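A quick write-up on the structure given underneath.
Indexing begins at 1, ligand by ligand and atom by atom, following the structure's order. A quick note: this is a predicted structure, and the numbers were derived from the prediction, not measured.
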Amino acid sequence: MNKTIIVSKFGGTSMGDLKSMERSASICVERKSSVVVVSATSGTTDMLSQIAKLASSENIEQCEKLVLSIKERHQNLMSQVSKNNEAIDVLNNCFTELDLLVHNISLLKEITPKAHDHILSLGERISSVIFKEVLKNKLPNKKIILLDARTIIKTDSHFGKATPLISEIALACEKLNPDFVYVTQGFIGADVDGNTTVLGRGGSDYSAALFAEGLNADVLEIWTDVAGIATTDPRLCSNTKIIHEISYAEAGEMAQYGAKILHPSTIAPAVRKSIPVFVGSTFDKDLPGTWIKNDVEKKPAVRAITKRSLQTLLTITNPDMLNAYGFMGEIFSMFGKHRISVDCITTSEISIAVTVDHITLNNQKFMKDLESVGKIDVEDNYSLISLIGNNLFSQKSLAKKIFSSLEESPIRMMSLGASPYNFNILVKEEDSKSCVQKLHKSLIESEE
Ligand code: ASP
Ligand code: MG
C-alpha cells in the first residue's frame, strides 16, 4: 500500500450550509483526501442535546419545534445536492431514529447517558450522508463510500466521553481500501456491545487523529474556520499572528490549556505515528495555515499564550499529614476514580492546591470523596494563563518580564517545572484578559 494517505477533517462551520460544504468538498478533491471526517452542521449537536433535555421534561412542544428545524435544514440541503434514493433513505432513517428516541425519552421522562450519546450521534450521521453526495458530485468517477465510524472507532462504554481502544481501531482500519474515498463521522464510536458512544464535545478532531493513526496516514488535516493556530485567542488581543510551525509538544500543551482550535486529545495519536498535522481554514484554503510536527525550525522562548476560564482552585488540607506520607496518593486516587484531570498544582507539607474546571464542583460524589481526605477550601472565578514555549527552564529574563508585565494583577498561583514547554499562572478572571494582553506584548510582540 504505497498510496499517500490523507485524512481530512471538516468542522461544523465548514459543513454549515451548501456553499461551505461545496468549498470543503473542493478541498478534498484538491488535496486528494482518502478519509474525510466530518462534524455535524454548525449548531446541530447543541440542538440535539437540547432536544434530549426538553424531551425528558414536560416541554414537548418546544422539543418538537427543534426536531422539525433540524429535519427541515437537512432535508433542504439534501434536496439541493442529490436525488439519490439510497442517500435520502439514510437521511430519513436518521430522522425516524430521532423521533423514536424523543418518544422514548419523553415516555420515561429520563435521559440516560447512553441515550444522550445516541441522540448526539445523529448530528454527524446526518451531515456525513449529505456531504458524501456533495463530494460525489465533484468526483463522479471515484468510488466514494459512506463509512459508519462506529465500525472503526471502538471505545469503552464511558458514555459522554468514551476512551478509544487503539489496537482495535488499527485492526478495524485494515479493512479499508486505499483506492476508495471514505466519508465518515467525527465524534462518534461504539463500544464492544455495539452501543453508540461519543468522544466528548469537540471530539471530531480526535476521531480524525484516530483514523490517521489507524491508517498510518501521511498527513492529518484539520479544516476549520480560522487560518491556523494563533499566538493567542484573537478575541483577547488584537495583535495576534498565525503560527506557521509548531511542535507536537507545544501544540499539545496549547490544546490542553484552553486553545479552542483543537480538541486536547488530537495530538497524541499523531505523535504516536509521527504524522504531521495541518490546521487551515476552509474559507481561505490557500493561506499557509499551521503545521504541527516533531521538528520545527524556530523555537522561540514563548510561542503562544492560552487562557482557560472558569477555573476553581481547590486547596485540600490535612494537618495529620505533617511528616507523614501517602497524602498525595490518596488525593490523586480520587481524581483518577472520578476521571477528573488536574491542570495546575502546587503543594506544601500539609496541603495541596489544584485547579479544576468550575463544573467539577457539580460532581458531588467526587467532592464528598475528596472531603474524606482533608478539609477543602474552594476559591472560584479564576483563569489559568499558560505561556507555551521552549526551554522555559533556561530563559534568563523570563521571570522578570512576566512579573513586571503583571505588576498590577495579583498572581494566586503559578507553576513551572514539570515540562519545559509551559508556565502556568492563575489570576482572577476579571484581570485575565488584560494579563494576556500584557504578556503577549512583552513576551511575543516585542520578540518579533
Ligand atoms: N459535533 C460535535 C460537537 O459539536 C463534535 C465536533 O464538532 O467536533 O461537539
Ligand atoms: Mg472543533
Side-chain angles (χ1 to χ4, degrees), residues 7-17 20-21 24 35-53 66 70 73-74 77 94 98 113 116-131 148-150 153 155 158-164 183-190 196-212 220-230 233-235 251-252 254-256 258-270 277-283 289-290 292 306 308 357 359:
V7 175
S8 309
K9 178 255 165 175
F10 294 88
T13 42
S14 307
M15 291 284 118
D17 51 28
S20 308
M21 282 195 178
S24 302
V35 175
V36 183
V37 179
V38 302
S39 286
T41 54
S42 48
T44 299
T45 311
D46 283 338
M47 253 178 158
L48 288 165
S49 182
Q50 226 182 325
I51 285 171
K53 245 191 234 128
L66 293 185
I70 288 188
R73 176 179 180 188
H74 293 93
L77 276 170
C94 286
L98 179 57
H116 195 254
D117 280 19
H118 202 117
I119 212 166
L120 290 197
S121 78
L122 286 162
E124 271 68 9
R125 289 162 58 204
I126 287 171
S127 66
S128 57
V129 60
I130 301 169
F131 189 74
D148 188 332
R150 294 171 295 181
I153 305 295
T155 71
H158 198 92
F159 298 104
K161 197 173 184 195
T163 301
V183 174
T184 191
Q185 308 81 32
F187 182 50
I188 75 172
T196 301
T197 54
V198 300
L199 301 178
R201 291 305 305 270
S204 293
D205 300 340
Y206 191 19
S207 298
L210 292 165
F211 271 103
L220 165 63
E221 300 178 341
I222 306 285
W223 290 97
T224 172
D225 52 7
V226 291
I229 301 178
D233 185 338
R235 284 166 298 191
M254 278 190 83
Q256 181 59 37
K260 294 277 178 319
I261 188 159
L262 278 185
H263 183 278
S265 305
T266 313
I267 302 296
V277 183
F278 173 78
V279 182
S281 164
T282 15
F283 302 93
T290 301
I292 309 169
T306 60
R308 191 159 155 164
D357 288 330
I359 200 165

Only distances under 3.5 Å count here; give the side-chain donor-acceptor pairs of residues 117-126 to other protein atoms, sequence neighbours excluded, each with its distance to 0.1 Å.
from, atom 1, to, atom 2, distance (Å)
Asp117, OD1, Gly160, N, 3.0
Asp117, OD2, Gly160, N, 2.8
Asp117, OD2, Val198, N, 3.1
His118, NE2, Glu97, OE2, 2.7
Ser121, OG, His118, O, 2.7
Ser121, OG, Arg125, NH1, 3.1
Glu124, OE2, Ala40, N, 3.0
Arg125, NH1, Glu97, OE2, 3.0
Arg125, NH2, Glu97, OE1, 2.9
Arg125, NH2, Glu97, OE2, 3.0

Count the heavy atoms of every other residue, nucleotide or ligand shown that sit under 6.0 Å from CZ of Arg201, and state whether that count exceeds 12. yes
Who are the ring-ring contact (aromatic ring centres under 6.0 Å, His included) partners of Phe159, not counting sequence neighbours? none
Whether Ser42 side chain and Gly16 backbone form a donor-acceptor pair below 3.5 Å: no
For His116, which residues count as a side chain to side chain donor-acceptor pair (under 3.5 Å) partner, sequence neighbours excluded? Ser49
Starting from the N and O atoms of ligand 1, collect every protein N/O partner closer than 3.5 Å and put each pair on its own line with the distance to 0.1 Å.
from, atom 1, to, atom 2, distance (Å)
ligand 1, 1 (N), Thr45, OG1, 2.7
ligand 1, 1 (N), Glu124, OE2, 2.6
ligand 1, 4 (O), Thr45, OG1, 3.4
ligand 1, 4 (O), Arg201, NH2, 2.9
ligand 1, 7 (O), Ser39, OG, 3.0
ligand 1, 8 (O), Gly202, O, 3.4
ligand 1, 8 (O), Gly203, N, 3.4
ligand 1, 8 (O), Ser204, N, 3.0
ligand 1, 8 (O), Ser204, OG, 3.1
ligand 1, 9 (O), Arg201, NE, 2.6
ligand 1, 9 (O), Arg201, NH2, 3.4
ligand 1, 9 (O), Gly202, N, 2.7

From the list Thr196, Thr184, Thr155, Thr197, side chain to side chain donor-acceptor pair (under 3.5 Å) partner of Arg150 resolves to Thr196
